[in-house]
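The next block holds one structure in the form of structure tokens; read it before the comments.
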Amino acid sequence: MYRYDEFDHSLVKERVEQFRGQVARRLDGDITEDEFKPIRLMNGLYLQLHAYMLRVAVPYGTLSSKQLRKLADIARKYDRGYGHFTTRQNLQYNWPALKDVPAILDELASVEMHCIQTSGNCIRNVTSDQYAGAAKDEVEDPRIISEVIRQWSTFHPEFSFLPRKFKIAVSGTEADRAAIKVHDIGIQIVTNDKGEVGYQVYVGGGLGRTPMIGKKIGDFVPKADLLAYLEAVMRVYNMNGRRDNLYKSRIKILVHEIGAEEMQRQVEEEFAEIRKTGALNLPQDEIDRIKAYFADPAFEDLSDDAAELDAAIAADKGFAHWVKNNTAAHKKPGYAIVNISLKPIGGTPGDCSADQMDAVAALAEKYSFDELRVTHEQNLTLAHVRKADLKAVYDALKAADLATANVNLITDQIACPGLDYCNLANARSIPIAQEISNRFADIERQHDIGELKINTSGCINACGHHHVGHIGILGVDKKGVEYYQVTLGGSADENTAIGDILGPAFTEQEIPDAIEKIVKIYLDTRQDGERFIDTYRRVGIQPFKENVYEAH
Amino acid sequence: MAQHTRKGAKEQALTANRLIDGVVVYLTADGKLSESLQDAEVAEGKEAAEALLTRATPFVDANEIIEPYLFAVELEDGRIRAVSVRETIRQAGPTVRLDLGKQAELADVHG
Amino acid sequence: MKLIKNGKFVEQDFVAVGADDALPDGAVIVPLERWEAERDSLITRNTPIGVKLESGQHPERIREDLDHFSVVALDFPIYRNGRAYSYARLLRDRYGYEGEVRAVGNVLQDQFYFMVRCGFDALEVQDKITPEVFEQSVGAFTYAYQPAADDRPTVMSLRHRLAARADEARAAAD
Ligand code: HEM
Ligand code: SF4
């Protein structure tokens, strides 16, 4: 894991002091709310429906046990004993008091964490693959370049007042677990025919009111030039992005309006100029220095043969389900990747109690080299667990109510906070996810249905990624009543797609039945081995349209 | 913010968040702030509502509250009821965590 | 409005004139359109001249004329509109402009640091800004991660310097 040196510490500490002064000025009345609001937003502090909300950055989703324990402490001491993991791999507290925030930031700084650039129209926390460093087919660990980008983008003087927020995601494998094509910039680490590692760059993806899939404008950006290239994209956007209309200010609109080719031309031109100065050239020794932080932990030489594990699987059906769904192949023999579902049946997607955080921290410490990941699907990951330890990990997770064996199944849903917490919401999201979860609670049935992602957002801002859910649910407000619009066929992986609208919206009461019908049509239509999304791609929306509204 | 004000609503109350801790408060008839919707002053008609907004200004100027606004309410059996789902949730707490928010802290709140 | 130049509070030295205002004697800052329309006569004036670019006016439009300007004023119509940060960097880094780059408009205290790093050496600020506030704001951070138009060393270069020094010390100890 990356560790702060004196420079990183100094910047974060100075930021805390700066904000402490600003909060004091605000509480004393020296500055008005109008002046303070942009400042608090730059520090991740929003005002929600019931209280303030503080968003803590988890850079590229990586946490140490110590950091997670600190997050648990803060939840107990300053909040209501829980936190919410988000689709941007961050953590949100829902109830902090303004007067306590400087103290919270101090505590975070003590474990090398902060809330810098978790809000505002700047470059936000860089997100990445939760399997980084553990995935089999990885070209290079994406956290290395994510850390480089984190540093370059932190307090960037030119890009702190962009037309709109800016999100960057990095993937080091062909399988995309970071949803890079729905980010303002998506970076795919690739190898060229000479065997050199470099970057494919996508720009202009995004969700929200106008969902768009990123366009590839950089085919192979050499390692040393990545920051120069990113600076070029940012400058073109900063100068030309629209500022007259909030809904048209993301880079996706610029790319859409001028076209990907023109965008590419402008970026290339700017890139050539920046490159000439050499100021942003990234020397190999700097890459190596950061790379060293992400070197493999001390893996043991193990064999993949796991007779004991097989016996345990045979003896415990619950464990068998969990191994099947919640673990994934690791690059090292004898190891597995463990996904911890934050989607208990009927629970709030992404919520995690302080006690659960402590339990996970203990497991990470004991079984996964002291480190864990947050996923953009609002789950947690222990990246390096010995297969021989899986049963012990499972038992401990079960004791902490964290062993729901549903990763990638229909009850592993993404949901934004919605009207239960959010100031901007049109409708509630969490109860919808809960009702669906309860309806499909039976694990055998979930298995039979197979991989199916349902994503729910409480308004068009799409924090719940509804556009890219295999089934997407969007809350809308019709004359003060909550309604839900359903889309089908979205996907956020390497075959990214935006879902198609099914038809008229449903009421809260109708939604579980509608989902039930959609699932039934899939089950009746699927061919051997087809996932929901495969069937949908084969048959299209028509059979669903025809049958879901039947006899309504 | 789709749901808060309904144009032409006859009865309205005023809500804001307390600066120091973000807690939701309502403006009362005796010119104080209360955490309970039941203590809110209900203004009937446009003029009274505007007067209510004006009366919130000193609290803003004194840095006690932020983001004050009016929202529609109804009187039902002597109780004040928010009209929209949004304001109903705001005066009670998250519907998915009945142990949190005003519903858990104040005696007289229901969803 | 107060004017800060290179960290010092100074008297207003230029008069900003509108598109149709009569030109006073002495130093003036004119809007870009006026420069473009009246370039020939403005050049013959024997007093310093500045030009002001609005948020949509790319400095490319004055690139060839930069020698004529003592000041380029870049407008922030609202603090959220950060285009001028890029304009300032182009003026400094790419066009090599060495005259004054002045921030005007909605210039807030918490942005001084960013502005100075992007190459602004003059800021038109609210009256309530004091030298202490200015110092505190510009000096908010000891280190900077990324290169910009100021000549601060980046954290990366400082790290390398430290590492080199450590190597030397090691070599000397051997
Ligand atoms: C409750 C406080 C929140 C507020 C006020 C908020 C606000 C917004 C807004 C205004 C947008 C649209 C931006 C645009 O299209 O330009 C947005 C998008 C988004 N938010 Fe949130 N959000 C909140 C919570 C969350 C949470 C909890 C998550 C994660 C679960 C999240 C993740 C995202 C994502 C992934 C997008 C869409 C990404 C995109 O368009 O590129 N936000 N949010
Ligand atoms: S999608 Fe809308 S309702 Fe949900 S968190 Fe985002 S802004 Fe709030």
Side-chain angles (χ1 to χ4, degrees), chain A residues 5-15 17-18 21-22 25 30-31 35-36 38-39 42 120-122 148 150-164 227 231 234-241 243-244 249 270 273-274 276-283 285-286 289-290, chain C residues 55-60 76-90 92-95 106 108-120 126 128 133 136-160 162-164:
Chain A
D5 63 11
E6 58 187 283
F7 303 106
D8 304 296
H9 272 299
S10 158
L11 274 149
V12 169
K13 245 180 106 187
E14 284 170 331
R15 175 51 157 241
E17 284 319 308
Q18 186 188 42
Q22 289 159 335
R25 277 195 277 150
D30 291 349
I31 47 175
E35 290 170 309
F36 183 61
I39 295 171
M42 292 289 253
N121 295 334
C122 51
V148 170
R150 181 191 75 80
Q151 297 190 17
W152 159 80
S153 62
T154 299
F155 307 138
H156 197 300
E158 187 180 345
F159 307 132
S160 289
F161 296 90
L162 297 166
R164 200 78 179 84
L227 291 184
E231 186 131 315
M234 298 313 301
R235 186 169 290 159
V236 168
Y237 170 55
N238 192 42
M239 293 197 299
N240 302 316
R243 293 177 188 264
D244 57 333
S249 52
E270 189 59 41
E273 291 285 348
I274 295 173
K276 262 193 249 165
T277 70
L280 277 166
N281 179 53
L282 195 58
D285 59 349
E286 177 63 13
R289 196 186 68 82
I290 292 188
Chain C
S55 140
Q57 298 175 328
H58 196 286
E60 183 66 38
F76 290 85
I78 174 104
Y79 74 87
R80 278 193 299 274
N81 183 335
R83 265 186 195 151
Y85 293 101
S86 288
Y87 292 170
R89 290 206 62 189
L90 288 181
R92 294 290 189 216
D93 300 351
R94 189 149 319 150
Y95 307 161
N106 193 207
L108 300 187
Q109 138 182 11
D110 295 286
Q111 299 169 325
F112 298 166
Y113 169 82
F114 296 127
M115 291 178 173
V116 168
R117 290 218 64 211
C118 284
F120 288 95
Q126 292 162 307
K128 67 173 186 187
V133 169
Q136 209 181 23
S137 172
V138 170
F141 302 105
T142 310
Y143 303 111
Y145 281 121
Q146 58 295 97
D150 53 358
D151 40 19
R152 267 177 193 245
T154 62
V155 166
M156 200 195 296
S157 68
L158 294 172
R159 280 175 179 145
H160 283 240
L162 274 186

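Here is the naming used below: chain letters follow the sequence lines, and residue numbers restart at 1 for every chain.
Only the side chain of A/Glu231 comes within contact range of chain C, judged by heavy atoms closer than 4.5 Å. Both the backbone and the side chain of A/Gln151 come within contact range of chain C, with heavy atoms under 4.5 Å apart. Both the backbone and the side chain of A/Arg15 come within less than 4.5 Å of a heavy atom of chain C. Neither the backbone nor the side chain of C/Ile78 comes within less than 4.5 Å of any heavy atom of chain A. With a 4.5 angstrom heavy-atom cutoff, A/Thr277 does not touch chain C via any of its atoms. Using a 4.5 Å cut-off between heavy atoms, C/Ala140 contacts chain A through both its backbone and its side chain. Proximity to chain C is limited to the backbone of A/Leu162, based on heavy atoms less than 4.5 angstrom apart. Both the backbone and the side chain of A/Asp8 come within contact range of chain C, judged by heavy atoms closer than 4.5 Å. Using a 4.5 Å cut-off between heavy atoms, A/Leu282 touches chain C through its side chain atoms alone.
The structure places CD of A/Glu286 at 4.0 Å from NE2 of C/His160, a figure rounded to the nearest 0.5 Å. Summarising the geometry, atom NE2 belonging to C/His58 is positioned 7.0 Å from atom CG belonging to A/Asn240; distances are rounded to the nearest 0.5 Å. To the nearest 0.5 Å, atom CD1 of residue A/Ile290 and atom CE of residue C/Met156 are 7.0 Å apart. Annotation: the span from A/Ile31 atom CD1 to C/Gln109 atom CD amounts to 7.5 Å, rounded to 0.5 Å. From C/Tyr87, atom OH reaches atom CG of A/Asn238 across 9.0 Å, with rounding to the nearest 0.5 Å. Between the CD1 atom in A/Ile39 and the CG atom in C/Leu108 there is a gap of 8.0 Å [rounded to 0.5 Å].
Using a 4.0 Å cut-off between charged nitrogen and carboxylate oxygen, A/Glu35 and C/Lys128 count as a salt-bridge pair. Salt bridge present: A/Glu270 and C/Arg94 bring a charged side-chain N and a carboxylate O closer than 4.0 Å.
Between chain A and the residues C/Arg117, C/Gln136, C/Met115, the most heavy-atom pairs under 4.5 angstrom are made by C/Arg117. Chain A forms more heavy-atom pairs under 4.5 Å with one residue of C/Pro147, C/Gly56, C/Ala163 than with any other, namely C/Pro147. For the set C/Val155, C/Val116, C/Asn81, the entry with the most heavy-atom pairs within less than 4.5 Å of chain A is C/Asn81.
Looking only at side-chain heavy atoms (C-beta outward), C/Arg80 and A/Arg243 stay at 4.5 Å or farther from each other. Using a 4.5 Å heavy-atom threshold, the side chains of C/Leu90 and A/Met239 count as touching. Using a 4.5 Å cut-off on side-chain heavy atoms (C-beta onward), A/Leu227 and C/Gln146 make no contact.
Ring planes of C/Tyr143 and A/Phe7: perpendicular class, angle over 60° (limits at 30 and 60°). Taking the six-membered ring where the residue is Trp, C/Tyr85 and A/Phe161 present parallel rings, their angle staying beneath 30° rather than reaching 60°.
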field: Check against side chain to side chain contact (heavy atoms under 4.5 Å, CB included), C/Leu162 and A/Glu6
entry: CA-CA 11 Å; C/Leu162 274 186; A/Glu6 58 187 283; 3.5 Å; yes
message: Apply side chain to side chain contact (heavy atoms under 4.5 Å, CB included) to residues C/Tyr145 and A/Ser153 and explain how you reach the verdict.
response: CA-CA 8 Å; C/Tyr145 281 121; A/Ser153 62; over 6 Å; no
task: With ring pair (Phe, Tyr, Trp, His ring centres under 6.0 Å) as the test, would you mind laying out the steps for C/Phe141 and A/Phe155 before giving the verdict?
output: CA-CA 9 Å; C/Phe141 302 105; A/Phe155 307 138; 4.3 Å; yes
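Inspection of the C/Asp110 and A/Gln18 side chains reveals no N or O donor paired with an N or O acceptor under 3.5 Å.
Here the closest non-hydrogen pair linking A/Pro157 and C/Phe114 is CA-CD2, 3.4 Å.
The backbone N or O of C/Thr142 sits less than 3.5 Å from a side-chain atom of A/Glu14, completing a donor-acceptor pair.
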